[in-house]
Each structure stands twice: as C-alpha cells, then as structure tokens.
Amino acid sequence: QVQLVESGGGLVQAGGSLRLSCAASGTIFSINTMGWFRRAPGKQRELVTTITNSGTTNYADSVKGRFTISRDSAKNTVWLQMNSLKPEDTAVYFCHFHQLGFTYWGQGTQVTVSS
C-alpha cells in the first residue's frame, strides 16, 4: 500500500502562481511514476504531468511552458510549480503514484484561478 499526502493549492488570480506538493509513504519500490491529474467542474479527470523515478517528464499540451514537475526520489516527494495560471486551470488536482501495475491517488486539492 502507498499513501499520498498533498499540500498546496488555494485561490489565486489569473497570471499568478501556486505550488503543490505530494509525499508518498508506504511500500515504495525504486521504479515508479508520480504525477498530477486534475478534474475540472463538469469534466473528466485528465492528465496534467508525470515524472518517472529517472526524471523523464510528460506534460499535457495545455500546461506546457507554464507548469513544471520535479521530484526528490529519496524523499518520495513530487512538486508541481504552476505559473501563469489561467481560469481554465481551476480544478481539483490529484497526486498520482504508479508502481508494479498499481495506481494510487491522493485526496485531491482545490486550485481556483479567478479572472
């Protein structure tokens, strides 16, 4: 089992920045992927970004150039730096952890961007 604890999020004006963090604990193997998904009101959950244990990243086109994911594998922690936020970034953001065919989710943190 893996537990995920998220922090960050909140309310920010368009053009502002926020930083999310997620710490994983439990039975963690060296090969894994961490990342963030989000669910906007009335929409399905979608990929935001992921990062492997070796540092390979993947971003949704909608956030490329604005969001940056980073991780400390020794601490099993991942961060999401979100810059130039737009109202359409408003969503609940979920931390994601994947290893050995299993996927775990955080409880979600609300990000609201006002225009």
Side-chain angles (χ1 to χ4, degrees):
Q1 280 288 351
V2 174
Q3 296 78 44
L4 302 174
V5 177
E6 301 159 343
S7 61
L11 173 64
V12 66
Q13 289 188 332
S17 299
L18 283 174
R19 191 186 196 209
L20 307 181
S21 65
C22 175
S25 62
T27 304
I28 295 173
F29 297 93
S30 58
I31 299 176
N32 58 68
T33 299
M34 297 186 74
W36 297 89
F37 284 65
R38 67 187 181 187
R39 185 174 65 234
K43 295 185 178 181
Q44 293 187 331
R45 188 162 52 189
E46 64 176 4
L47 168 74
V48 178
T49 178
T50 60
I51 184 169
T52 68
N53 56 283
S54 61
T56 300
T57 58
N58 179 43
Y59 292 92
D61 288 342
S62 59
V63 305
K64 283 180 180 177
R66 300 187 298 120
F67 291 12
T68 302
I69 190 170
S70 59
R71 70 181 286 173
D72 182 333
S73 292
K75 296 181 179 180
N76 298 311
T77 300
V78 64
W79 297 272
L80 178 62
Q81 179 66 43
M82 303 184 292
N83 299 327
S84 301
L85 283 160
K86 304 175 181 180
E88 50 264 43
D89 294 319
T90 295
V92 178
Y93 285 70
F94 296 90
C95 182
H96 164 274
F97 183 95
H98 183 83
Q99 67 176 9
L100 299 180
F102 291 90
T103 299
Y104 303 89
W105 297 96
Q107 77 280 5
T109 185
Q110 178 70 45
V111 171
T112 302
V113 184
S114 63
S115 57

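Just so it is clear, the values below take in all heavy atoms, side chains as well, and ignore hydrogens, waters and symmetry mates. Along the sequence shown, the residues carry numbers beginning at 1.
- A centroid separation of less than 6.0 Å is found between the aromatic rings of H96 and W105.
- At a threshold of 4.5 Å between side-chain heavy atoms, the hydrophobic network of Ile, Leu, Val, Met, Phe, Trp and Tyr places L47 and F94 in one connected group.
- Atom CD of Q107 is surrounded by more than 12 heavy atoms from other residues, nucleotides or ligands within 6.0 Å.
- Considering all non-hydrogen atoms of both residues, R71 and I51 come closest at NH1-O, 3.3 Å.
- Side chain of T49 to main chain of N58: a donor-acceptor pair is present (N/O by atom type, distance under 3.5 Å, no hydrogens or angles).
- For the salt bridge (charged side-chain N to carboxylate O under 4.0 Å, His left out) test, no residue two or more places apart in sequence or in another chain qualifies with D72.
- Taking every heavy atom of both residues into account, C95 and V78 meet most closely at SG-CG1, 4.3 Å.
- Checking side-chain atoms of Y93 against main-chain N and O of E6 turns up no donor-acceptor pair under 3.5 Å.
- W79 and V12 fall into different hydrophobic clusters, where Ile, Leu, Val, Met, Phe, Trp and Tyr residues are linked whenever their side-chain heavy atoms come under 4.5 Å apart, directly or through other members.
- Sequence neighbours left out, the pairs with a member in residues 39-60 that pass salt bridge (Lys or Arg N to Asp or Glu O under 4.0 Å) are R38-E46.
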For residues 13-25, please give each side-chain donor-acceptor pair under 3.5 Å, one per line with the distance, not counting sequence neighbours.
unit_1	atom_1	unit_2	atom_2	d
S17	OG	N83	OD1	2.9
S21	OG	S7	OG	2.4

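- Pairing each heavy atom of L80 with each of F67, the nearest pair is CD1-CB, 4.0 Å.
- Rounding to the nearest 0.5 Å places OG1 of T112 at 10.5 Å from CG of L85.
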Applying salt bridge (charged side-chain N to carboxylate O under 4.0 Å, His left out) to D89 and K86, what does each step give before you reach the verdict? CA-CA 5 Å; D89 294 319; K86 304 175 181 180; over 6 Å; no

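- The shortest non-hydrogen separation linking I69 to W36 is CD1-CD1, 4.0 Å.
- The hydrophobic clustering, which links ILVMFWY residues whose side-chain heavy atoms are closer than 4.5 Å, places V2 and V5 apart.
- Under a hydrophobic clustering in which Ile, Leu, Val, Met, Phe, Trp and Tyr are joined whenever their side-chain heavy atoms come within less than 4.5 Å, directly or via other members, F37 and V63 fall into different clusters.
- At distances below 3.5 Å, not a single donor-acceptor pair connects side-chain atoms of S84 with backbone N or O atoms of R66.
- With a 6.0 Å radius and a threshold of 12 heavy atoms from other residues, nucleotides or ligands, I31 has its CD1 atom at or below the threshold.
- Across all their heavy atoms, T90 and V113 have their closest contact at OG1-N, 2.9 Å.
- Counting only distance, with no hydrogens or angles, the side chain of Q99 and the backbone of T27 share a donor-acceptor pair below 3.5 Å.
- Considering every non-hydrogen atom in both M34 and F97, the closest pair reads CG-CD1, 3.5 Å.
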